Undergrad: 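Provided herewith is a single structure, encoded as structure tokens, for subsequent inquiry.
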Amino acid sequence: MENINQTSTDFFLLGLFPPSRIGLFFFILIVFTFLMALFGNLSMIILILLDTHLHTPMYFLLSQLSFMDLNFISTIVPKMASDYLSGNKSISFIGCGVQSFFFITLASAEGLILVSMAYDRYVAICFPLHYPIRMSKTVCVLMITGSWIMGSINSCAHTVYAFGIPYCRSRAINHFFCDVPAMLTLACMDTWVYEYTVFVSIALFLVFPFICIACSYGQVLLAICRMQSTEGRRKAYLTCSTHLTVVTFYYAPFAYTYLRPRSFRSPTEDKVLAVFYTILTPMLNPIIYSLRNKEVTGAMRRVIQRFCSVET
């Protein structure tokens, strides 16, 4: 294996599960989570598309979040499952680059979409009379397009660097996908300059957006406290708490993983944390937004009734 690692241009993903009964149990659990994520996010996208009551900026952004989550988990889990079932853990140099590019693009774009959703709630609660202007269809399209473009540019920079440096050690990546920091441990050159650029990138796409979200929700909480209507306060609090739950599940593991210096990181801990933002969060997002949202559950009933009436 060592000779193959040194002469082949392929990488080898060591994976997440050990070849044992416990590993098989966790593998089945991950596959089940993947199927739930596919069903949940596809259902959310179709529901928002079919029900006209959900044709609002908030749900337009939510449909994009579901679309990103759908692609996010599909970038990681199918390859991981294939490696586990076949026992062939190799991934081509180009395949690794493609996986890394889509992972970074979707991770960056989703972070920016969450900021857009926080801004939507901020305007809706703090400036309700200005909402149709500040959150027009054009503004929503610009937010979504900007998230994808900025995510792609950030991803290009990281991917081009990571796949342009020489790798002279074993090509076995101690991860279950092509994560750039895990790959850099195999490089035969000093990558400390790049590691500082990772800090800058994380600050721009995670830390700064999280500060913006925290500040916006600080203003939202003040506005909620001033509301006269008890029902209005309850609905606003429910919507904001839902979004904050999603933000916490997404940002916290990401920030903890990539803001630590390499000397404080361990491959096992990185892989466990990666499960949260690559697998669990895409599965939990549609559940959180549907079960705690009366508008979504109402839309589900209307769509089901519509299909039942068509069949009869």
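Just so it is clear, the structure is predicted and the values come from calculations on it, not from any experiment. Excluded from the calculations below are hydrogen atoms, water molecules and symmetry mates; all remaining heavy atoms, backbone and side chain alike, are included.
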Undergrad: Tell me, please, whether Tyr217 has Arg121 positioned over its six-membered ring: NZ or CZ under 6.0 Å from the ring centre and within 45 degrees of its axis?
TA: no

Undergrad: How about Tyr131 and Asp120: does a side-chain donor come under 3.5 Å of a side-chain acceptor?
TA: yes

Undergrad: Side chains of Ser108 and Asn154: is there a donor and an acceptor less than 3.5 Å apart?
TA: yes

Undergrad: Please check if the side chain of Asp51 supplies one atom and the backbone of Met300 the other of a donor-acceptor pair under 3.5 Å.
TA: no

Undergrad: Of the options Tyr258, Tyr251, Tyr256, which is the one that meets Phe254 in a ring pair (Phe, Tyr, Trp, His ring centres under 6.0 Å)?
TA: Tyr258

Undergrad: Main chain of Ser155, side chain of Thr159: is a donor-acceptor contact present, judged purely on distance under 3.5 Å?
TA: yes

Undergrad: Over 60° means perpendicular and under 30° means parallel, so classify the ring planes of Tyr122 and Tyr119, tilted if in between.
TA: tilted

Undergrad: Distance only, no hydrogens: is a donor on one side chain within 3.5 Å (strictly under) of an acceptor on the other, for Asn88 and Ser86?
TA: no

Undergrad: If hydrophobic clusters are built from ILVMFWY residues whose side chains come within less than 4.5 Å, do Leu49 and Phe39 share one?
TA: no

Undergrad: How long is the gap from CZ on Phe60 to CG on Leu65, to the nearest 0.5 Å?
TA: 13.0 Å

Undergrad: Do the side-chain N and O atoms of Tyr194 and His158 include a donor-acceptor pair separated by under 3.5 angstrom?
TA: yes

Undergrad: Does the gap between the ring centers of Tyr84 and Phe17 come in under 6.0 Å?
TA: yes

Undergrad: Centre-to-centre under 6.0 Å for Tyr277 and Tyr250, is that the case here?
TA: no

Undergrad: Should the pair Phe163 and Phe11 be assigned to parallel (<30°), tilted (30 to 60°) or perpendicular (>60°) ring geometry?
TA: perpendicular

